[in-house]
Student: 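Before we start, here is the structure in question, set down as structure tokens.
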Amino acid sequence: MADGFILPTMYEPFGSVVGEAMACGLPVLTSTRCGGAEWVSPATGWLAAPHDTQAWQRNVAAWLAAQANWPTMAVQAR
């Protein structure tokens with residue numbers, strides 16, 4: 001059971017776990033260096049550069065603030 005999926009990878013060439021999380025209807029927060037990042041849109045999650053700590057903090061805050069939209073994001077992710 002999860003409310004979201006965070007993969008703060010410095011390098012992940014494919015990132016199939018991102019697709020698996022989305023198939024489960026989870027909003028995704030991942031790195032711009034993750035191959036699965038190309039599946040993430042503003043309707044399904046957030047992206048940040050691996051070493052951009054402030055962007056990661058903003059993304060986590062945005063994810064928490066979007067709690068009312070999680071069901072809609074889950075449909076979009078699937």
Student: For F14 and W39, I'd like to know if the aromatic rings sit close, meaning centre-to-centre distance below 6.0 Å.
Tutor: yes
Student: Identify the two heavy atoms, one from S31 and one from A37, that lie closest to each other, and give their separation to 0.1 Å.
Tutor: O-CB, 3.5 Å
Student: Is it the case that the ring center of W46 lies less than 6.0 angstrom away from the ring center of W56?
Tutor: no
Student: Could you tell me whether the side chain of W70 reaches within less than 4.5 Å of the side chain of T72, counting heavy atoms only?
Tutor: no
Student: Report yes if some heavy atom in the side chain of Q76 is under 4.5 Å from a heavy atom in the side chain of T44; otherwise report no.
Tutor: yes
Student: CD of Q57 to CG of D52: how many Å apart, nearest 0.5 Å?
Tutor: 9.5 Å
Student: Looking at every non-hydrogen atom in both residues, tell me the closest pair between A66 and M73 and how far apart they are.
Tutor: CB-SD, 4.5 Å
Student: Roughly how far, to the nearest 0.5 Å, is CD1 of I6 from CG of L26?
Tutor: 11.0 Å
Student: Are F5 and L47 linked, directly or through intermediate hydrophobic residues, by side-chain heavy-atom contacts shorter than 4.5 Å (ILVMFWY only)?
Tutor: yes
Student: Side chains of T9 and R33, heavy atoms from C-beta outward: is any pair under 4.5 Å?
Tutor: no
Student: Does the side chain of M10 come within less than 4.5 Å of H51's, by heavy atoms?
Tutor: yes
Student: Does any non-hydrogen side-chain atom of V28 lie less than 4.5 Å from one of L7?
Tutor: no
Student: Give me the atom names and distance for the closest heavy-atom approach of D3 to P27.
Tutor: O-CD, 3.3 Å
Student: Given side chains that start at C-beta, do those of L29 and W63 come closer than 4.5 Å, heavy atoms only?
Tutor: yes
Student: Just so I know, are the side chains of T30 and P8 near enough to count as touching, which here means a heavy-atom distance under 4.5 Å?
Tutor: no
Student: As an exercise, state the distance from OG of S41 to CE of M22, rounded to the nearest 0.5 Å.
Tutor: 6.5 Å
